[in-house]
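Here the structure comes first, spelled out in structure tokens, and everything after it is commentary.
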Amino acid sequence: MRPLQAQIRLDHLRHNYQTLKNIHGNKLLAVVKANAYGHGAVRCAHALADLADGFAVAAIEEAIELRKHGITNPIVLLEGVFEAAEYGLVDEHRLWPAVCSQWQLEALLKHTWQHPVKVWLKMDSGMHRAGFFPHNYAAAYTALKQSACVDSIVKFTHFSCADEAERGSTEMQIEAFDLACEGLEGEESMANSAALLAYPEACRDWGRAGIALYGASPFGGTDERLKSVMRLVTEVFGERVLQPHSPVGYGASFYTKKSTRVGLIACGYADGYPRAASTDTPVAIGNHRSRIIGRVSMDMITVELDPSNEGLGDEVELWGDVVHINEVAAAAGTIAYEVLCNVKRAKFTYFE
Ligand SMILES: *Cc1c(COP(=O)(O)O)cnc(C)c1O
């Protein structure tokens, strides 16, 4: 059997949830959209079910999958519905839809509800992607408030730059939100992972933690309060010694400078490992840091072996405890979110 494994440490997931909830205070949604950022939404939700104040997903299909697997916690649809007919299912499964646009608002008010619904009303406080503009927000709020089918309203917004060193735009978004919410009662939610860690003033009634829940710092680098949930591991299944000045891999992009022991490992871009991460991207071979040499192929990667390595059969960590996901993402010119979401074909194993 091909040895590539995504080891999912559910104990680390629980640790991160509790840590983030303590930092945020009040309630915290565990964001499990996109199959829990590639970790397996049903398994992750079950592992958090007794702790989590609620879950958040991107679409109703993701929410229904959780309901079908026995998840009874609140579930927020972060983007709301994609067509009016979905409100029937929102009602049936007792989901909490975001309302981000006028058509979603009108369709919600037109729907005949069996149960009063809790609505997450989104404000566009400056990201300019979705939500009601601050000057239209009170009108949308009032329309919902006056409807008998609306049980309560959570006012929320999303930040565009909370993970960046420059603080001005997040501060402006907070200010715009607070100003437009003046006089509108009810719960509030602002903070994603980055804001939760960097902007205490954005921690309101509900936090929404995604990437940090999986143990990756949203700022790049590491955060010792968080434990990495996924460990992507494989094995050396081929080994050879190359003479100096030998090219390695597609495009002959790397040449050995000295006599080099090269290991061949079972992982490639078809498994979601980013092809853009090539020579010098770190890997850990038997817990020693080493590096990729040459290009990432579809199914294989070549790595440098050092004298401490056995070679054949050695365990190789692509990311996890020794190599941080943010190192791989940086080497590939992308972010941990994308790298994690892309993992596929690996055997997923779950540890309590
Ligand atoms: C995905 C998402 C989050 C989680 O963001 P992280 O940066 O992963 O913590 C929070 N809020 C909304 C609206 C989202 O779409």
Side-chain angles (χ1 to χ4, degrees), residues 13 16-21 23-24 26-39 41 44-45 48 52-63 66 74-82 95-101 104 118-132 154-164 169-170 173-174 177 187-200 202-221 223 225-226 228-230 325-326 329 334-342:
L13 185 71
N16 294 338
Y17 180 86
Q18 240 145 359
T19 300
L20 294 163
K21 181 165 157 135
I23 294 170
H24 182 273
N26 295 325
K27 288 173 279 188
L28 183 66
L29 294 178
V31 181
V32 294
K33 64 191 179 188
N35 199 26
Y37 292 44
H39 292 68
C44 288
L48 292 173
D53 301 307
F55 294 105
V57 296
I60 196 162
E61 291 81 1
E62 296 177 331
L66 297 181
I75 303 176
V76 176
L77 304 177
L78 291 167
E79 291 158 42
V81 297
F82 291 88
L95 307 173
W96 294 352
V99 166
C100 310
S101 64
Q104 287 177 332
K118 185 170 180 121
V119 177
W120 283 55
L121 181 61
K122 186 166 191 174
M123 187 192 301
D124 176 3
S125 59
M127 186 162 185
H128 299 151
R129 188 179 66 173
F132 290 84
V154 179
K155 296 161 283 170
F156 88 108
T157 194
H158 193 55
F159 297 124
S160 57
C161 304
D163 54 351
E164 288 172 18
S169 61
T170 302
Q173 283 195 258
I174 295 173
F177 180 83
E187 294 179 317
E188 296 179 348
S189 173
M190 302 181 110
N192 58 358
S193 297
L196 188 160
L197 295 168
Y199 295 87
C203 298
R204 304 290 169 95
D205 300 286
W206 289 90
R208 310 185 304 269
I211 195 72
L213 193 59
Y214 305 100
S217 165
F219 309 110
D223 184 326
R225 294 169 292 185
L226 304 172
S228 126
V229 174
M230 186 190 294
I325 181 72
N326 276 329
T334 183
I335 53 177
Y337 298 76
E338 188 185 29
V339 178
L340 289 171
C341 288
N342 276 341

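Numbering of ligands and ligand atoms starts at 1, following listing order. Predicted, not measured: the structure shown is a model, and the values here were computed from it.
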Which protein non-hydrogen atom lies closest to atom 11 (N) of ligand 1, naming both residue and atom, and how far is it? R208 NE, 2.8 Å

Proximal ligand 1 atoms for I211, defined as those under 4.0 Å from one of its heavy atoms: 6 (P), 8 (O), 9 (O)

Give me the nearest non-hydrogen protein atom to atom 7 (O) of ligand 1 as residue plus atom name, then the distance to 0.1 Å. Y337 OH, 2.6 Å

Would a distance-only check, ignoring hydrogens and angles, find a side-chain to backbone donor-acceptor pair under 3.5 Å from N35 to A41? yes

Rounded to the nearest 0.5 Å, how far does CG of L29 lie from CD1 of I75? 10.5 Å

Considering non-hydrogen atoms of the protein only, which is the closest contact for atom 1 (C) of ligand 1, and what is the distance? K33 NZ, 1.4 Å

Please check if the side chain of S193 supplies one atom and the backbone of G210 the other of a donor-acceptor pair under 3.5 Å. yes

Per-atom contacts, ligand 1 versus L78 - under 4.0 Å to a heavy atom: 12 (C), 13 (C), 14 (C), 15 (O)

Answer yes or no: is there a donor N or O on one side and an acceptor on the other, between the side chain of N16 and the main chain of T19, under 3.5 Å? no

With a cut-off of 4.0 Å, which atoms of ligand 1 are near a heavy atom of Y37? 1 (C), 4 (C), 5 (O), 6 (P), 8 (O)

Please report which non-hydrogen protein atom sits nearest to atom 13 (C) of ligand 1, along with the residue it belongs to and the distance in Å to one decimal place. H158 ND1, 3.7 Å

What is the closest protein heavy atom to atom 9 (O) of ligand 1, and at what distance does it sit? S193 OG, 2.5 Å

Between N326 and S217 (side chain of the first, backbone of the second, donor and acceptor by atom type, cut-off under 3.5 Å), is there such a pair? yes

In plain terms, say whether E79 and K33 are close enough for a salt bridge, that is, a side-chain N and a carboxylate O under 4.0 Å apart. no

In ligand 1, the atoms that come under 4.0 Å of a heavy atom of G210 are 4 (C), 6 (P), 8 (O), 9 (O)

How many angstroms lie between atom CG of L196 and atom CG of L28, to the nearest 0.5 angstrom? 6.5 Å

